[in-house]
2 protein chains.
Amino acid sequence: MSEPEPPLDPDLLNAYFALMDVAALLRHSVEQQLREEGDLSYVQFQVMATLYFSEAGSARMTDLADGIVHSRSGLTYQVGLLEKAGLVTRAPSERDERGVTVTITEAGRERLELVMPGHREVVNHLLLQPLPPDSAVALVELLGPVREHLRAAPPRSARPRGRR
Amino acid sequence: MSEPEPPLDPDLLNAYFALMDVAALLRHSVEQQLREEGDLSYVQFQVMATLYFSEAGSARMTDLADGIVHSRSGLTYQVGLLEKAGLVTRAPSERDERGVTVTITEAGRERLELVMPGHREVVNHLLLQPLPPDSAVALVELLGPVREHLRAAPPRSARPRGRR
DNA sequence: TATTGTTATACTCTATAACTATA
DNA sequence: TATAGTTATAGAGTATAACAATA
């Protein structure tokens, strides 16, 4: 509003497009693998992985929504599919009767384990190996701050509906 | 098939997730901006930008498809919308009667110019400024090879339907 | 016969707003 | 009154396969 917008020189534009391109291509491949080998969408994969690696194997809807999805109804939809498939369970939260606790089932764990090897393979072949040697860490160092900035900032449409 | 898959240590996994997260968040914001200020989808924006910056202001469907979209029918759909909106024109290609040449109109140029300032602003604020100083170039150096690898490789579903 | 592009169709995903129930 | 989550609904985007026309 006050700072004159920088001209966004070709280098910068190029960085932006490179990022968007790589991500789109990678996501497309990854989604194909998840669908073919485990009948999962990428969002479902994120939910399953979050649960799988959590202490209790469970989480509240709200906590899943933050950082995975843009609208709460979208999460309800995806978790609904997971429940129908018997991969997760839904139950009222103990502490807060309003909340819903989602828990991964044994079948859910097996499904994730079924999918992981192929998933790693795709990510390795498509992203990590083509990366210049030992630069994965560098990538995280570049993108880490951006990620935090994006998560904190307003853009998320799962934007704290007034939360917290 | 012969190499034992590397275990994909946390650093690598983290790089992968950071990339996917940042891209998803960024894309969401960028799509919002394009929709609100110019009534364009991101794919439409890519098409328009490609045409805008090309010599003749035009390109064939096939050339647009490569690198923008995963299925040819998807491109037909998006270009159809652009044509309806008067932002591009479609005409049989001169050299090859099978082909269709898409050309940006004056209204199309104006629309892109209308959208660019806000677009740059979003990209600057959300991606470039949070990036460690002077690291845009570094990002391109990391992602550039990956992009080329992905473009060349099979994963594209707009995969040369036998092309060339 | 191969290539270019479109169409028809079906489906997945997403988002908004209205609604219920608990805190 | 504010928060958690669901539902209804509507719309945007995508992909597959069949198709027409040109090379």
Side-chain angles (χ1 to χ4, degrees), chain A residues 24-25 27-29 31-32 34-36 39-47 59-66 68-85 88-102 155-164, chain B residues 24-25 27-29 31-32 34-36 39-47 59-66 68-85 88-102 155-164:
Chain A
L25 256 13
R27 170 131 181 186
H28 190 256
S29 297
E31 284 188 330
Q32 218 166 276
L34 290 172
R35 183 61 69 191
E36 281 171 8
D39 196 36
L40 293 174
S41 70
Y42 184 72
V43 169
Q44 286 163 17
F45 171 74
Q46 287 183 98
V47 170
R60 292 188 42 175
M61 290 294 283
T62 292
D63 298 322
L64 289 175
D66 294 350
I68 290 189
V69 109
H70 298 287
S71 75
R72 278 165 157 68
S73 67
L75 182 64
T76 296
Y77 171 73
Q78 294 287 354
V79 171
L81 293 181
L82 289 176
E83 187 182 38
K84 241 181 258 169
V88 305
T89 287
R90 271 193 287 199
S93 299
E94 301 209 336
R95 293 189 166 253
D96 184 341
E97 285 279 331
R98 293 172 304 180
V100 167
T101 298
V102 184
R156 293 190 73 43
S157 156
R159 183 177 355 192
R161 218 165 39 171
R163 229 203 148 214
R164 220 143 286 192
Chain B
L25 256 12
R27 170 131 182 186
H28 190 256
S29 296
E31 284 187 331
Q32 220 167 275
L34 290 173
R35 182 61 68 192
E36 282 171 9
D39 197 34
L40 293 174
S41 70
Y42 184 73
V43 168
Q44 286 163 16
F45 171 73
Q46 288 183 97
V47 169
R60 293 189 39 177
M61 290 294 283
T62 291
D63 298 322
L64 288 175
D66 296 350
I68 290 190
V69 109
H70 298 287
S71 75
R72 280 167 156 67
S73 66
L75 183 64
T76 296
Y77 171 73
Q78 294 287 354
V79 171
L81 293 181
L82 288 175
E83 188 182 38
K84 240 180 260 172
V88 305
T89 287
R90 271 192 288 197
S93 300
E94 301 209 336
R95 293 189 164 251
D96 184 339
E97 286 278 331
R98 293 172 304 180
V100 167
T101 297
V102 185
R156 291 192 76 40
S157 156
R159 182 177 354 194
R161 215 163 45 169
R163 226 200 148 210
R164 216 142 286 186

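Here is how names work: the chains are called A, B, and so on, in the same order as the sequence lines, proteins then strands, and each is numbered from 1.
Proximity of Gln78(A) to the phosphate of dT12(C): no side-chain N or O atom is located under 4.0 Å from OP1 or OP2. Note on Arg72(B): every side-chain N or O is 4.0 Å or more away from OP1 and OP2 of dA17(D). Between His70(A) and dC13(C) there is no side-chain polar atom (N or O) within less than 4.0 angstrom of OP1 or OP2. Contact check, Gln32(B) against dA15(C): no side-chain N or O comes under 4.0 Å of OP1 or OP2.
Place Arg95(A) and Tyr77(A) on DNA chain C by their nearest nucleotides, and Tyr77(A) ends up nearer the 5' end. Both Leu40(A) and Asp96(A) sit near DNA chain C, but only Leu40(A) has its closest nucleotide nearer the 5' end.
Per the geometry, OH belonging to Tyr42(A) stands 18 Å off C1' belonging to dT12(C), to the nearest Å. Nucleotide dT14(D) holds its P atom 16 Å from the CZ atom of Arg35(A), rounded to whole Å. One can place NZ of Lys84(A) at 13 Å from P of dT6(D), the figure rounded to the nearest angstrom. One can place CZ of Arg90(A) at 17 Å from P of dA4(D), the figure rounded to the nearest angstrom. Between the CG atom of Leu81(A) and the C1' atom of dC11(C) there is a distance of 12 Å, rounded to whole Å. Spacing between atom CD1 of Ile68(B) and atom P of dT14(D) amounts to 12 Å, rounded to whole angstrom units. If you measure from atom CD of Glu97(B) to atom P of dA2(C), you get 22 Å, rounded to the nearest angstrom. A straight line from CG of Asp39(A) to C1' of dC11(C) spans 13 Å, rounded to a whole angstrom.
We find that Glu31(B) and Arg35(B) are not joined by a salt bridge, their nearest charged nitrogen and carboxylate oxygen being 4.0 Å or further apart.
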side-chain contact (heavy atoms from CB on, under 4.5 Å) between Val102(B) and Arg60(B), intermediate numbers included:
CA-CA 6 Å; Val102(B) 185; Arg60(B) 293 189 39 177; over 6 Å; no

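When all heavy atoms are compared, the tightest approach of Gln44(B) to Leu81(B) is NE2-CD1, 3.4 Å. Taking each heavy atom of Ala24(A) and His70(B) in turn, the nearest pair found is O-NE2, 4.2 Å. Across all non-hydrogen atoms, the minimal contact from Leu75(B) to Met61(B) is CD2-O, 3.2 Å.
Each of dT4(C), dA23(C), dA15(D) was ranked by its minimum atom distance to the side chain of Ser71(B); first place goes to dA15(D). Closest to the side chain of Thr76(B), out of dT14(D), dT7(C), dA15(D), is dT7(C).
Judged by atom type and distance alone, Ser73(B) does not reach the base of dT14(D) through any side-chain donor-acceptor pair under 3.5 Å.
At the heavy-atom level, Ser41(A) lies under 4.0 Å from the strands shown only through sugar-phosphate atoms. Using a 4.0 Å heavy-atom criterion, one finds that Gly74(B) contacts no nucleic acid atom at all.
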